[in-house]
Asker: 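Would you mind keeping the following structure in view while I ask a few things?
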Amino acid sequence: MTSTLTRPQHKKVIAGVCAGLADRFGVKPNTVRLIFVLSCLLPGPQFVVYLVLWFMMPKAAY
């Protein structure tokens with residue numbers, strides 16, 4: 001588990017946002033991806049939040 005919120009270079013599927021969140025909170029990346037996909041079935045700004053995180057989260061150095 002890392003102490004900062006970064007987008008990893010090696011576990012990303014689209015932009016690495018879900019993998020970065022998973023690394024930060026110590027869960028599996030596929031779990032975060034599944035939660036995101038299921039949350040898209042509900043009304044709300046999920047895609048906007050994803051895009052904001054994509055641009056605000058720095059890439060990991062490794």
Side-chain angles (χ1 to χ4, degrees):
M1 183 163 95
T2 62
S3 61
T4 59
L5 188 57
T6 58
R7 293 183 292 127
Q9 299 293 320
H10 60 282
K11 294 187 240 177
K12 66 181 186 178
V13 173
I14 296 175
V17 173
C18 291
L21 289 170
D23 283 347
R24 172 64 178 93
F25 295 108
V27 296
K28 295 180 182 179
N30 286 336
T31 304
V32 177
R33 290 179 187 120
L34 179 65
I35 290 170
F36 175 73
V37 169
L38 291 176
S39 75
C40 288
L41 299 174
L42 301 171
Q46 291 87 345
F47 290 111
V48 175
V49 171
Y50 188 90
L51 291 174
V52 168
L53 286 174
W54 184 358
F55 289 111
M56 292 188 71
M57 287 173 62
K59 289 183 180 178
Y62 55 95

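Along the sequence shown, the residues carry numbers beginning at 1. Just so it is clear, the model here is predicted, and its values are computed rather than measured. Hydrogens, waters and symmetry mates are skipped; everything else that's a heavy atom, side chains included, is used.
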Asker: Return all side-chain donor-acceptor pairs below 3.5 angstrom for residues 40-48, not counting sequence neighbours, or 'none' if the list is empty.
Answerer:
from	atom 1	to	atom 2	distance (Å)
Q46	NE2	S39	O	2.6
Q46	NE2	L42	O	3.3

Asker: May I ask whether F25 and V49 are part of the same hydrophobic cluster, defined by side-chain heavy atoms of I, L, V, M, F, W, Y residues being less than 4.5 angstrom apart, directly or through others?
Answerer: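 Yes, because F25 and V49 connect within a single hydrophobic cluster, where side-chain heavy atoms sit under 4.5 Å apart.
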Asker: Check the pair F36, V17 against side-chain contact (heavy atoms from CB on, under 4.5 Å), reporting the backbone distance first and the verdict last.
Answerer: CA-CA 11 Å; F36 175 73; V17 173; over 6 Å; no
Asker: Are L21 and V13 connected, step by step, through hydrophobic side chains (Ile, Leu, Val, Met, Phe, Trp, Tyr) whose heavy atoms are closer than 4.5 Å?
Answerer: yes
Asker: If you round to the nearest 0.5 Å, how far is NE2 of H10 from CG of D23?
Answerer: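 If we round to the nearest 0.5 Å, D23:CG and H10:NE2 are 6.0 Å apart.
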Asker: Ignoring hydrogens, what is the shortest heavy-atom contact between L5 and R24? Give both atom names and the distance.
Answerer: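 Minimum heavy-atom contact is CD1-CB, 3.8 Å.
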Asker: Report whether V27 and I35 are members of the same hydrophobic cluster (ILVMFWY, side-chain heavy atoms less than 4.5 Å apart, transitive linking).
Answerer: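 No, because V27 and I35 fall into different hydrophobic clusters, even though each may have its own neighbours under 4.5 Å.
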Asker: Of the non-hydrogen atoms in G16 and P8, which two are nearest, and what is the gap between them?
Answerer: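 Minimum heavy-atom separation between G16 and P8: O-CD, 3.6 Å.
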Asker: Side chain of R33, backbone of C18: donor and acceptor closer than 3.5 Å?
Answerer: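 Judged by distance alone, no pair lies under 3.5 Å.
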Asker: Sequence neighbours excluded and cut-off under 3.5 Å, please list the side-chain donor-acceptor pairs for residues 52-61, or say none.
Answerer:
none

Asker: Hey, quick one: are V37 and I14 part of the same hydrophobic cluster, counting side-chain heavy atoms closer than 4.5 Å, chains of contacts allowed?
Answerer: no
